[in-house]
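Heads up: the structure comes next, in structure tokens.
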Amino acid sequence: MEDNRISYHTSVKTAYKRIKEDGLTNIWDRFEAQGLGDPDKRCAFCMGGVRCDFCSNGPCRADASKDKRGVCGITADGMAMRMMLLRNVMGASTYQYHAAATIRTLRKTAEGKTPYSIKEPGKMKGFAERLRVDTSGSEQDLVFRLCDFLEKQWHLPGYEESAIVKALAPEERQKVWKSLDIFPGGIYSEMMMATSSSLTNVDGYYVSLAKKAMRMSIAMAYQTQIVLEYLQDVLFGIPRPHVFRTDLGVLDPDYVNILPNGHEPFMGFALIEIARKPEWQEKARKAGAKGIHIIANIETGQEMIQRWEMDDVFYGYTGNWIMQEAVFATGAVDVFVADMNCSMPIDPIYAQKYQFKLLPVSDLVAFEGIDERLNYIPEDVKIQAEKILDMGIENFPKRKSQVKPLTGLPVQEAIVGFSPESILAALGGTLDPLLDAIKNGSIKGIAGLVSCTSLRDNGQDVHSVAIAKELIKRDILILAMGCGSAAMEVSGLCDPKAAELAGPGLKAVCQALKVPPVLAFGTCTDTGRCADLVAAVSAALGGVPIPDLPVVAAAPEYMEQKATIDAIFALAFGLYTYVNPVPFVTGAPSLVKLLTEDLPGVTGGILHVEQDAVQAADAMLAHIMTNRKKLGI
């Protein structure tokens with residue numbers, strides 16, 4: 001494949017060459033091989049979302065232009081929306097797995113059974129107060145009371161309204177959701193309703209299925225995402241701005257390199273705490289290494305680097321999921337610690353070639369041919385982390401003697417750690433400076449860039465970086481989340497120097513505040529946190545409805561099931577939502593019309609699909625300018 005179809009990043013293109021020389025299967029060649037003569041060409045029915053194999057009468061294909069339906073009679077629109085709903089169930093359930101693990105960890109920490117502590121008691125009390133949970137008594141009492149409340153809310157039946165959503169969501173949105181009958185109950189009930197509705201011969205109506213997707217997305221954003229992120233703040237600290245090393249050059253082959261990877265930071269934080277002890281660094285030196293480095297990866301890494309500052313142990317961050325094989329090809333990895341998400345089925349082949357240990361630490365994750373595992377248990381995490389460090393030290397001499405490393409790879413610097421609290425602190429404790437910059441036009445608007453990374457149409461991060469550059473050029477401030485945040489960090493857009501690429505208004509604001517034009521706001525789970533910040537901006541402007549704010553959501557390279565439910569929530573929340581690549585719904589014309597034309601009159605949300613970065617940015621700016629005119633600014 002051509003360079004621009006590999007990656008935006010020089011480091012990844014360098015590693016790809018080594019992978020090819022070593023004769024290994026890799027994600028780029030596999031993507032190309034799936035194409036029908038063209039890397040991006042696939043089965044037309046699958047691309048249109050109008051193929052179904054749910055029952056033994058199939059597989060079926062639908063064609064709306066001929067009213068060709070599935071054997072059961074489902075239309076092309078119903079078929080496409082049903083599949084989208086099921087993708088959303090997968091996304092919601094995986095987010096919820098993370099939230100449940102966070103509650104479990106917080107409980108055990110309050111019992112004194114983990115190496116963690118309550119770092120932000122004030123945030124915990126404030127969050128409990130917002131949820132109207134009694135805050136009297138000891139810290140431990142509050143933890144147990146809060147956890148009990150949240151778990152009970154998760155299990156509410158669908159016919160009972162969620163107290164979490166009532167407490168956290170803007171009143172204006174709640175009225176819209178109730179009028180549409182999409183105000184949710186508990187997240188588990190909503191997932192059950194969505195899954196059960198997707199059974200053959202149950203619900204084939206695309207409008208009904210779309211409403212169920214939105215309803216579940218609202219439950220997910222408030223009951224799952226906000227809960228898990230706020231409680232991780234309680235345990236590990238509120239993100240605050242600091243500099244961090246990024247890119248593949250952070251992997252020094254002379255160190256024992258242990259890489260926590262996935263979406264949950266629990267094992268990663270324990271590894272850092274223990275590896276910082278002098279006796280563990282000495283053990284590594286006795287094995288011939290210069291020491292131990294804990295290197296952050298993907299979303300687990302984002303959770304970690306947003307909260308904790310780098311040092312000689314917590315050394316760096318590599319990047320997002322598509323570069324996973326490139327990370328291995330550096331020949332500098334000793335243990336790859338795979339938690340609940342974003343570890344690839346191909347990893348065992350790379351572990352054998354580049355002599356590292358591949359260790360699942362979540363019961364969700366399994367690899368063919370890998371029997372050794374160490375499922376995360378909060379009360380055992382100290383012992384588990386020590387075992388992982390020992391594993392890395394033991395592996396180092398073998399890896400060092402048998403694998404020639406890639407050297408001279410680049411290292412970037414990025415400012416990370418932005419959160420509602422740290423943004424407020426940077427503005428002097430009030431949103432007024434941000435609102436004033438928006439009102440006077442220095443900042444035209446704000447874009448929440450919540451993205452994965454995908455090889456569809458472009459190389460890794462190529463389109464995300466292009467979109468970001470076009471937005472900041474138009475004086476639009478970006479909050480970056482998910483794997484898209486890694487794209488921004490590794491490409492240099494989270495460096496204050498990137499203000500030179502911004503329009504004159506945004507450039508002046510960035511230089512005055514000493515911040516980059518793209519703020520690293522966290523992971524895909526921070527979608528809920530971002531919604532909370534947007535609600536605060538709405539309230540500060542006097543209760544402006546969410547659809548009327550100069551705010552957009554952008555997913556320039558969405559990839560998997562979590563991304564689809566994030567996008568559905570953005571639409572339910574009332575945001576203009578740009579997505580790329582084109583979703584698998586083009587064979588469903590009535591559904592496309594609902595999402596792209598009718599939705600503004602329903603929730604206020606707008607779905608926009610566009611492959612060209614300049615045209616996409618122009619359309620987002622046009623929406624922002626329309627809303628500025630509505631607000632008289």
Side-chain angles (χ1 to χ4, degrees), residues 1-35 38-40 244-253 257 259 261 295-298 301 316-333 336 342 344 346-347 349-350 353-354 356 403-414 451-469 480 482-495 498 501 518 556-557 559 580-581 611 613:
M1 294 177 75
E2 297 176 359
D3 268 7
N4 68 336
R5 289 310 307 270
I6 303 298
S7 175
Y8 178 86
H9 312 295
T10 301
S11 58
V12 176
K13 288 182 274 195
T14 301
Y16 172 72
K17 290 175 183 175
R18 178 189 188 161
I19 292 168
K20 291 289 285 181
E21 289 169 0
D22 287 345
L24 289 176
T25 173
N26 62 81
I27 190 166
W28 298 278
D29 293 354
R30 292 192 300 271
F31 180 87
E32 188 172 35
Q34 287 293 330
D38 169 333
D40 297 301
F244 219 91
R245 302 180 194 92
T246 68
D247 213 342
L248 294 184
V250 301
L251 286 159
D252 186 332
N257 288 304
L259 281 63
N261 180 81
I295 304 293
N297 288 265
I298 309 182
Y317 174 77
T318 57
N320 53 31
W321 82 273
I322 277 181
M323 61 201 296
Q324 190 163 136
E325 292 158 323
V327 168
F328 299 148
T330 64
V333 177
F336 194 71
C342 285
M344 296 164 65
I346 201 70
D347 288 355
I349 291 175
Y350 279 74
K353 176 66 178 178
Y354 296 116
F356 63 88
V403 181
K404 182 181 179 181
L406 272 179
T407 57
L409 295 171
V411 178
Q412 321 289 341
E413 283 195 346
S451 201
C452 309
T453 181
S454 172
L455 295 182
R456 181 108 156 262
D457 305 322
N458 297 279
Q460 176 211 7
D461 297 341
V462 170
H463 190 64
S464 292
V465 172
I467 286 287
K469 287 182 177 179
C483 273
S485 194
M488 304 298 107
E489 291 155 4
V490 179
S491 67
L493 292 177
C494 291
D495 187 322
L501 302 175
V518 177
E557 293 183 43
M559 191 275 296
N580 184 75
Q611 293 176 292

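All residue numbers in this chain count up from 1 along the given sequence. Just so you know, these numbers come straight off a predicted model, no measurement behind them.
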Discussion item. For the aromatic rings, using the six-membered ring if either is Trp, is the centroid distance between Phe336 and Tyr350 under 6.0 Å?
Written reply: no
Practice prompt. Salt-bridge test for Glu489 and Arg245: reply yes if a basic N is under 4.0 Å from a carboxylate O, no otherwise.
Written response: no
Discussion item. For a side-chain contact (heavy atoms from CB on, under 4.5 Å) check, start with the C-alpha distance between Val411 and Val250, then their side-chain angles and the critical distance, and finish with the verdict.
Written reply: CA-CA 6 Å; Val411 178; Val250 301; 4.2 Å; yes
Practice prompt. Please round to the nearest 0.5 Å and tell me the distance separating atom CG of Asp461 and atom CG of Leu493.
Written response: 10.5 Å
Fill in: Donor-acceptor contact below 3.5 Å, side chain Asp22 vs main chain Ile19
no
Response to the item:
Output for pair (Ser451 OG, Met488 CE), nearest 0.5 Å, gives 7.5 Å
Discussion item. Check this for me, if you would: do Arg5 and Asp40 make a salt bridge, where the nitrogen-to-carboxylate-oxygen distance has to be below 4.0 angstrom?
Written reply: yes
Worksheet item: Are there more than 12 heavy atoms of other residues, nucleotides or ligands under 6.0 Å from atom NZ of Lys13?
Response: yes
Practice prompt. Quick one: sort the Trp28 and Tyr16 rings into parallel, tilted or perpendicular, breaks at 30° and 60°.
Written response: perpendicular
Worksheet entry | Exam field: side chain Arg18 to backbone Ala329, donor-acceptor pair closer than 3.5 Å | yes
Worksheet, complete the sentence: Per side-chain contact (heavy atoms from CB on, under 4.5 Å), Trp321 is matched among Val327, Asn261, Ile27 by Ile27
Worksheet item: Do side-chain atoms of Asn257 reach the backbone of Leu251 as a donor and acceptor pair under 3.5 angstrom?
Response: no
Worksheet entry | Short side-chain to backbone donor-acceptor contact, Tyr354 and Phe356, under 3.5 Å | no
Worksheet item: Distance-only, no hydrogens or angles: does the Glu557 side chain make a donor-acceptor pair with backbone N or O of Cys452 under 3.5 Å?
Response: no
